[in-house]
Protein chains: 2
Amino acid sequence: MSNAYNRPDQLSPELRRRVLDTARRLGYPGPDPVARSLRTRKAGAVGLLLTENLSYAFRDPAAIGFLEGLALACEDAGTGLLLVPANPEREDVASVHRAGVDGFVVYSVPDDDPHLAAVLERPVPTVVCDQPDLGTVDRVGIDDRGAMYELAKHLISLGHRRVGVVCMRLARDRNDGFVTPDRQHAAHFHVQRNRLSGLAEAFSEAGVDWSQVPVVERFDHNMASGASGAAQVLDKDPQITALICTSDVLALGALTEAARRGLRVPHDITVTGFDGIRPGEEAGLTTVRQPVLEKGRAAGKLLLDASERTRPRSVNLATELIIGKTSAAPRGGAEERWFGP
Amino acid sequence: MSNAYNRPDQLSPELRRRVLDTARRLGYPGPDPVARSLRTRKAGAVGLLLTENLSYAFRDPAAIGFLEGLALACEDAGTGLLLVPANPEREDVASVHRAGVDGFVVYSVPDDDPHLAAVLERPVPTVVCDQPDLGTVDRVGIDDRGAMYELAKHLISLGHRRVGVVCMRLARDRNDGFVTPDRQHAAHFHVQRNRLSGLAEAFSEAGVDWSQVPVVERFDHNMASGASGAAQVLDKDPQITALICTSDVLALGALTEAARRGLRVPHDITVTGFDGIRPGEEAGLTTVRQPVLEKGRAAGKLLLDASERTRPRSVNLATELIIGKTSAAPRGGAEERWFGP
DNA sequence: TGAAAGGACCGTAACGGTTCAGAACCAATT
DNA sequence: AATTGGTTCTGAACCGTTACGGTCCTTTCA
């Protein structure tokens, strides 16, 4: 009887001992967790859905920070954290259906991801992170658009008008190359869409024709992509004075490409990132710092906090503009451009 | 009827459509994963037990690499990966009992960890990693002892005889300070015990009285620990020519402490690590590279490979001695010591 | 001494799916 | 017309646990 294991106060010590003894003698391995879950309707775990290959989560510093925060929240609650395998290639949502969890955290997947749809169909609480507010489930994120707008304003105040952009992938299909304004608007990744839109707004306000600004997209998110993306932008328009990257990882790659070309940063070219990861900090990157660990922790707290009062809830965390040593006024100075021919 | 969902070939398309329709109309959310698991006796997930606070796994580069490899293997098999919260403070093995998984991977926990014992009681396949061979379950690891022996031999051939050691924690209790030979022998962490024993053997063979060698232990595993550990060793014996650290993270910390003291590496002092993580590589650290990602992947493969033939299986992965630029002959040269007074 | 109260123990009914045996049905063969 | 074979469909058993309510025994108090 399970009482012997779980509720020692419900029976006499003597009986308990006897039950446990015979259980051991019969080779009983202890209560089965799955059957228990079925009966109690508690799995003791939350599921994490990332659209990238599962292992990606361990290669991207920002994702690692998020995971750490989420793990922290789970740990506090004594809950397990189930990484759900959601291979973006095959549209195999079975893994979502098979996950025995009490809730889901969905981290930065495209709006139209079938796995996300499958999660929303499950009758368990869900928190989406770095996603648009769906109105039906809790959400945690930052003001990507506002933060990027602020960064752009800073560059504009330094005098930059001719810029290029390297961004992460905007949709589920692979498009390693230039991005049309249409594709920017229609981007299925909420984060990227908003960062680009913040840039577009700020530069448009400064009189720049955004449709003429070279924006290059990279499917894979690593330094090599940042480097090759930067190369593609610089090949297209060697005159740009600033290279705006939508993540620090891309920016770090861009820095290596700049170095390879003999461009001094920030004297010859300004490079900016987004996220505020450690290696970026060490490189003195101008960027927007976002509290990735707190984001994960907030998502976990939201999911595990049972208080039903005001649902759905939406949490926006603060970001901070970090002026590093990879940004400066363009060569020749802002004034020259203002008063020049 | 579950056939409609899972076995479309077992019934006519017409009935299937009808069943699914009414299911939707009744608001049926699809088959319950827990009930399914109970019946099929498959949870579709493997559990990962790390004794450290769950979040630690996301802060240690070697652990991250292991996790990535394990996640890769899980992904290939379409299996979930459940991080089991095993707070080392409270001896709460309930989380192990509650985990609905098809198997466990246990990563570098102390021999006497109650969570490990709880895992072994569960009637599911288990793979232990960086642990002693238990004889009853699969195991994957490296030859920590041999690898460290080889590294020590290299230092000895350079002429080092007077050395100090900074190691990770050796047992569940906190002991930030010098380690007696007894404690080294009795260490509950297999990895640390073997690395120290490899060192002891090599230096003993070279005529060094190992019991006189300062060995400092640090409970927390981060660069600050490496720095303070190095400081403690250097304070005790400023004459040492080499600082051997049992991990790269500690070694990186030791490098900062050396720099703080104005000691040039490797001219004034040799510093070595263990693991072969990226930041160590960038610092040119002399170390032993171990294939952490492969280790994780091998653990996953072993667990998910159902072939029952030769159990338990034991896998040893190859390591590689990396001679970086943090090691050199001691100042004054090896010869001076050989032929000196 | 009898009734009420409380505690210990035990039996049973879900939880929600999967599986399997067999019923019902239709078609083809003898 | 009856037997055979095959397919589609239905019903019941089972997976292992926990929640619940009932029985029985002991204790307490009027």
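Numbered from 1 within each chain, the chains take letters A, B, ... in sequence-line order. Every heavy atom of this structure was used, including side-chain atoms; hydrogens, water molecules and symmetry mates were not.
Closest contact between the side chain of L38(B) and the listed nucleotides dT18(D), dG16(D), dG17(C) involves dG16(D). Counting only heavy atoms from C-beta on, Y28(A) has its side chain closest to dT17(D) among dG16(D), dG17(C), dT17(D).
Summarising the geometry, the separation between NE2 on H97(B) and C1' on dT17(D) is reported as 15 Å, rounded to the nearest angstrom. One can place CG of D32(B) at 14 Å from C1' of dA14(C), the figure rounded to the nearest angstrom. When rounded to the nearest whole Å, the span between NZ of K42(A) and P of dA19(D) equals 12 Å. Look at CZ on R41(A): it is 13 Å from C1' on dA19(D), rounded to the nearest Å.
Evaluation of the ring-ring contact (aromatic ring centres under 6.0 Å, His included) test over residues 59-118 of chain B, restricted to residues two or more places apart or in two chains, returns F66(B)-Y107(B).
One finds a side-chain N or O of R36(B) lying less than 4.0 angstrom from the OP1 or OP2 phosphate oxygen of dT18(C).
Atom CG of D220(A) and atom CZ of R174(A) lie 4.5 Å apart (nearest 0.5 Å).
Axis deviation across the helix from dT1(C)-dA30(D) to dT30(C)-dA1(D) amounts to 60°, comparing end segments of five pairs, rounded to 10 degrees.
Looking at R18(B) and D21(B), no side-chain N of the basic residue comes within less than 4.0 Å of a carboxylate O on the acidic one, giving no salt bridge. With respect to R193(B) and D144(B), no salt bridge is recorded, no charged nitrogen being found less than 4.0 Å from a carboxylate O. Salt-bridge check for R183(A) with D173(A): passed, with a basic side-chain N closer than 4.0 Å to an acidic carboxylate O.
For a distance-only test at 3.5 Å, the side chain of R39(A) fails to qualify as a donor-acceptor partner of the base of dT17(D).
Positionally, the nearest nucleotide of DNA chain D for R18(B) lies more toward the 5' end than for the other of P33(A) and R18(B).
The minimum heavy-atom distance linking G80(A) with P85(B) is given by the pair CA-CD, 3.8 Å.
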